[in-house]
Amino acid sequence: QVQLAASGGGSVQAGGSLRLSCTSEHSYGSVCLGWLRQAPGQEREVIAAIDTDGTTTYAASVKGRFTVSKDSSKNTLYLQMDSLKPEDTAMYYCAAGRDDCFPGVLALVSGAFPFWGQGTQVTVSS
């Protein structure tokens with residue numbers, strides 16, 4: 001079973017930056033990885049995915065501001081968040097799939113990520 005733990009959240013003013021990390025005891029190398037977020041009263045949203053070959057996909061809401069990356073040697077996934085907005089306030093989770101990412105926008109389907117870790121809260125004030 002994949003065990004994931006996200007960290008790096010916090011409170012920041014609009015326009016600021018945060019870098020989230022996600023570690024695992026197991027290797028990430030052979031599956032799709034993603035970052036999801038959920039704000040109070042809203043559905044969980046997949047905002048970024050990174051495939052086994054490093055291909056990335058982003059939701060329109062974060063494209064151009066967030067960057068997903070991974071260091072397979074350290075079993076660590078990252079999310080660099082720049083130009084943060086109050087609407088980015090949410091609990092952020094890292095997650096893993098069972099295989100390569102689905103193609104295109106299908107990579108951002110939450111059902112593609114059956115394995116979850118503990119979340120980290122991000123709060124952006126205006």
Item to complete: Under the side-chain contact (heavy atoms from CB on, under 4.5 Å) rule, what do Leu36 and Ser110 come out as? Steps first, then yes or no, please.
Response: CA-CA 8 Å; Leu36 296 80; Ser110 60; 4.2 Å; yes

Worksheet item: Using 30° and 60° as the class limits, which term best fits the ring planes of Phe66 and Tyr92: parallel, tilted or perpendicular?
Response: tilted

Discussion item. Determine whether Tyr58 and Val68 satisfy the following criterion, side-chain contact (heavy atoms from CB on, under 4.5 Å), listing intermediate values before the conclusion.
Written reply: CA-CA 9 Å; Tyr58 297 94; Val68 59; 3.4 Å; yes

Worksheet item: What are the two closest heavy atoms between Ala14 and Pro86, and how far apart are they?
Response: CB-CD, 4.1 Å

Worksheet item: Should Leu18 and Leu84 count as side-chain neighbours, where that means a heavy-atom distance under 4.5 Å?
Response: yes

Worksheet item: Considering all heavy atoms of both residues, which atom of Gly34 and which atom of Phe113 are nearest to each other, and what is their separation?
Response: N-CE2, 3.5 Å

Worksheet item: Would you say the side-chain atoms of Ser61 pair up with the backbone N or O of Ala59, donor to acceptor, closer than 3.5 Å?
Response: no

Fill in: Residue of the set Leu4, Leu20, Leu33, Thr23 for which side chain to side chain contact (heavy atoms under 4.5 Å, CB included) holds with Leu77
Leu33

Worksheet item: More than 12 heavy atoms of other residues, nucleotides or ligands under 6.0 Å from CZ of Phe102: is that the case?
Response: no

Worksheet item: When rounded to the nearest 0.5 angstrom, what distance separates OG in Ser7 from CZ in Arg19?
Response: 10.0 Å

Item to complete: With rounding to the nearest 0.5 Å, note down the distance linking OG in Ser24 to NZ in Lys74.
Response: 15.5 Å

Worksheet item: Is the closest side-chain donor-acceptor distance between Ser17 and Asp82 under 3.5 Å?
Response: yes

Worksheet item: If you take all heavy atoms of Ala96 and Pro114, which pair is closest and at what distance?
Response: O-CD, 3.3 Å

Worksheet entry | Rounded distance (nearest 0.5 Å) linking atom CD of Gln13 with atom OG1 of Thr123 | 13.0 Å

Response to the item:
Heavy-atom nearest pair, Ser69 first then Ile50, reads CA-CD1, 3.9 Å

Worksheet item: Can you hop from Tyr78 to Met81 via hydrophobic side chains spaced under 4.5 Å?
Response: no

Fill in: Ala49 to Cys32 - nearest heavy-atom pair and separation
CB-SG, 4.3 Å

Worksheet item: Knowing that exactly one of Ile47, Val122, Thr67 qualifies, which makes a side chain to side chain contact (heavy atoms under 4.5 Å, CB included) with Leu79?
Response: Ile47

Response to the item:
Scanning both residues in full, the closest heavy-atom pair of Thr89 with Val124 reads OG1-N, 2.9 Å

Fill in: Qualifying salt bridge (charged side-chain N to carboxylate O under 4.0 Å, His left out) pairs, either residue in residues 83-106, two or more places apart
Arg37-Asp88, Arg65-Asp88

Discussion item. Let me confirm one number: the CH2-CD distance from Trp35 to Glu45, rounded to the nearest 0.5 Å.
Written reply: 14.5 Å

Worksheet entry | Check: Asp53 main-chain N/O paired with Asp51 side-chain donor or acceptor under 3.5 Å | no

Worksheet item: Can you check whether Gly9's main-chain N or O pairs, donor with acceptor, with Thr120's side chain at less than 3.5 Å?
Response: yes

